[in-house]
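Numbers restart at 1 for each chain; the letters A, B, ... are given by sequence-line order, proteins then strands.
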Amino acid sequence: MTFLAVHDALFAAYGPQRWWPARTPFEVMVSAVLTQNTAWTNVEKAIANLHAADAMDAEIILHAPPPRVAAWIRPAGYFNVKAKRLRNFCAWYVERGGGKTLRRLDTAALRHELLSINGVGPETADDILLYAFHRPIFVIDAYTRRLFSRLRMAEGDESYDTLRGQIEASLHREARGKRELVPLFNEYHALIVRHGKDVCKPRPRCELCCLAARCPAA
DNA sequence: ACCCAGGGTCATA
DNA sequence: TATGACCATGGG
């Protein structure tokens, strides 16, 4: 079973996911921080509050009193921590000249800078790289580890970058010349999250059998 | 009432 | 390097 085949099975089952649901690349970045260990429906409420306050802007968030930012993003949970993280991110974003300037950095440099921000870890950085900057980075999350671990295509306890490197290398080989990597990675991560929400619980080890009509748990 | 959600940081050993 | 505590809302 190839990584490409797993993607195709998921795509056949769920169809296009249309990630990342956001109006602008900056909104992708903000929501990537807000969605840390948080249900997306809660992030949507926080995003709506920011728009209602006309505050979906790095300068505004950066210069607003932290308690006010916390109030805007309250539904997303961890609001004090995340207000701080959003502030750190916006300080970097403004300091580095915004999206226009950042867009010119190569992927490795951009990733290194994102990881230097307090509050931006590997998954959040990769969400931003893939969905805001359209770089060919495969996002690893808990669903990804669980899926490939159960399919015996990964050990499950690899380091974040090791697993990401292995999957990226495999998909490079399997998709070379036939598929664009960015759209592939984009859809793949979204499909894994979609699948992860309702993978059959009675027989979780089968994973992909849930996609078949004959799955006993379906 | 309990569990989880589209993680990351920090203190401790 | 490897655990554990902590952050906090909202839906099932």
Side-chain angles (χ1 to χ4, degrees), chain A residues 6-7 10-11 14-50 52 66-92 111-135 137-149 155-164 167 182 184-202 204 207:
Chain A
V6 172
H7 165 274
L10 292 173
F11 186 85
Y14 301 109
Q17 301 301 301
R18 307 179 182 282
W19 273 33
W20 184 290
R23 303 183 189 180
T24 65
F26 180 73
E27 188 177 315
V28 172
M29 305 181 211
V30 169
S31 50
V33 171
L34 294 181
T35 200
Q36 290 170 358
N37 200 42
T38 300
W40 181 253
T41 52
N42 287 354
V43 176
E44 289 181 311
K45 302 175 197 291
I47 294 297
N49 287 344
L50 288 172
R68 180 167 305 164
V69 176
W72 287 331
I73 67 175
R74 186 179 63 81
Y78 306 137
F79 48 81
N80 288 317
V81 170
K82 285 176 179 173
K84 182 80 167 180
R85 292 178 181 179
L86 267 189
R87 183 176 193 71
N88 294 341
F89 176 80
C90 289
W92 167 80
R111 188 169 198 271
H112 187 77
E113 291 211 18
L114 285 167
L115 290 175
S116 75
I117 303 168
N118 189 297
V120 176
E123 187 177 340
T124 303
D126 290 345
D127 278 336
I128 291 172
L129 287 166
L130 177 59
Y131 294 105
F133 289 97
H134 308 291
R135 305 305 171 89
I137 293 286
F138 194 92
V139 180
I140 305 296
D141 66 348
Y143 290 134
T144 307
R145 284 185 185 282
R146 191 181 73 184
L147 174 64
F148 293 126
S149 177
E155 291 300 324
D157 59 347
E158 302 95 336
S159 72
Y160 184 98
D161 287 316
T162 296
L163 182 56
R164 180 172 67 84
I167 295 175
V182 171
L184 176 65
F185 291 178
N186 177 317
E187 204 63 63
Y188 209 156
H189 176 60
L191 284 166
I192 288 171
V193 173
R194 171 67 182 81
H195 178 63
K197 294 176 186 295
D198 65 5
V199 64
C200 54
K201 299 191 166 69
E207 280 289 342

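Rounded to whole Å, atom P of B:dG7 lies 17 Å from atom CG of A:Leu114. For the pair A:Arg146 CZ and B:dG6 P, the interatomic distance rounds to 11 Å; values are reported in whole Å. When the C1' atom of B:dG6 is taken as reference, atom CZ of A:Phe138 falls 13 Å away, rounded to whole Å. When the P atom of C:dA5 is taken as reference, atom CG of A:Asn37 falls 16 Å away, rounded to whole Å. Here B:dG6 presents its C1' atom at 6 Å from NZ of A:Lys197, a figure rounded to the nearest Å. Rounded to whole angstrom, the span from the OH atom of A:Tyr143 across to the P atom of B:dC4 amounts to 11 Å. Computed from coordinates, the A:Ile140 CD1 to B:dG7 C1' distance equals 14 Å when rounded to whole Å. For the pair A:Tyr131 OH and B:dG6 C1', the interatomic distance rounds to 9 Å; values are reported in whole Å.
Within the 4.5 Å cutoff, side-chain heavy atoms of A:Ile73 are placed close to those of A:Leu34. Proximity of A:Val182 to A:Arg135: side-chain heavy atoms (C-beta onward) are nowhere separated by under 4.5 Å. Contact check for A:Tyr188 versus A:Val6: side-chain heavy atoms found under the 4.5 Å cut-off.
Comparing the C1' positions of C:dT3 and B:dG6 gives an interatomic distance of 24 Å, to the nearest angstrom. Rounded to whole Å, the P atom of B:dA1 lies 16 Å from the corresponding atom of C:dT9.
A:Asp126 and A:Tyr160 form a side-chain donor-acceptor contact under 3.5 Å, judged by distance and modelled atom types alone. Checking A:Thr144 against A:Asp141 by side-chain atom types alone, a donor-acceptor pair falls below 3.5 Å. Side-chain contact check for A:Glu155 and A:Ser149: no donor-acceptor pair (N or O, by modelled atom type) lies under 3.5 Å.
Residue A:Ile117 is classed as a sugar-phosphate contact, given heavy-atom separations below 4.0 Å to backbone atoms only. Using a 4.0 Å heavy-atom distance criterion, A:Val120 is classed as a sugar-phosphate-only contact.
Taking every heavy atom of both residues into account, A:Val43 and A:Thr35 meet most closely at CG2-CA, 3.5 Å.
At least one donor-acceptor pair under 3.5 Å links the side chain of A:Asn49 to the backbone N or O of A:Trp72.
One finds a side-chain N or O of A:Asn80 lying less than 4.0 angstrom from the OP1 or OP2 phosphate oxygen of C:dA8. Between A:Thr124 and B:dG8, a side-chain N or O to OP1/OP2 separation shorter than 4.0 Å is present.
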Is there a ring pair (Phe, Tyr, Trp, His ring centres under 6.0 Å) between A:Tyr14 and A:His195 once you walk through the steps? CA-CA 8 Å; A:Tyr14 301 109; A:His195 178 63; 5.7 Å; yes
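Listed nucleotides C:dC7, B:dG8, B:dG6 differ in distance to A:Val81; the shortest reach to its side chain belongs to C:dC7.
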Listed pairs, N/O of protein and of nucleotides 9-12 of chain C, under 3.5 Å:
{"residue": "C:dT9", "atom": "O2", "partner": "A:Asn42", "partner atom": "ND2", "Å": "3.0"}
{"residue": "C:dG10", "atom": "O4'", "partner": "A:Asn42", "partner atom": "OD1", "Å": "3.0"}
{"residue": "C:dG10", "atom": "O4'", "partner": "A:Asn42", "partner atom": "ND2", "Å": "3.1"}
{"residue": "C:dG11", "atom": "OP1", "partner": "A:Lys45", "partner atom": "NZ", "Å": "3.3"}

Please tabulate the protein-to-nucleotide N/O contacts below 3.5 Å involving nucleotides 10-13 of chain B, giving atom names and distances.
{"residue": "B:dC10", "atom": "OP1", "partner": "A:Asn118", "partner atom": "ND2", "Å": "3.0"}

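Here A:Trp20 does not pack flat against the base of B:dG6, since the 5.5 angstrom centre distance and 30 degree tilt limits are not both met.
Nucleotide B:dA1 forms a pair with no other nucleotide shown, judged by Watson-Crick or G-U wobble geometry with both contacts under 3.5 Å.
Here A:Trp20 and A:Trp40 bring their ring centres to under 6.0 angstrom of each other.
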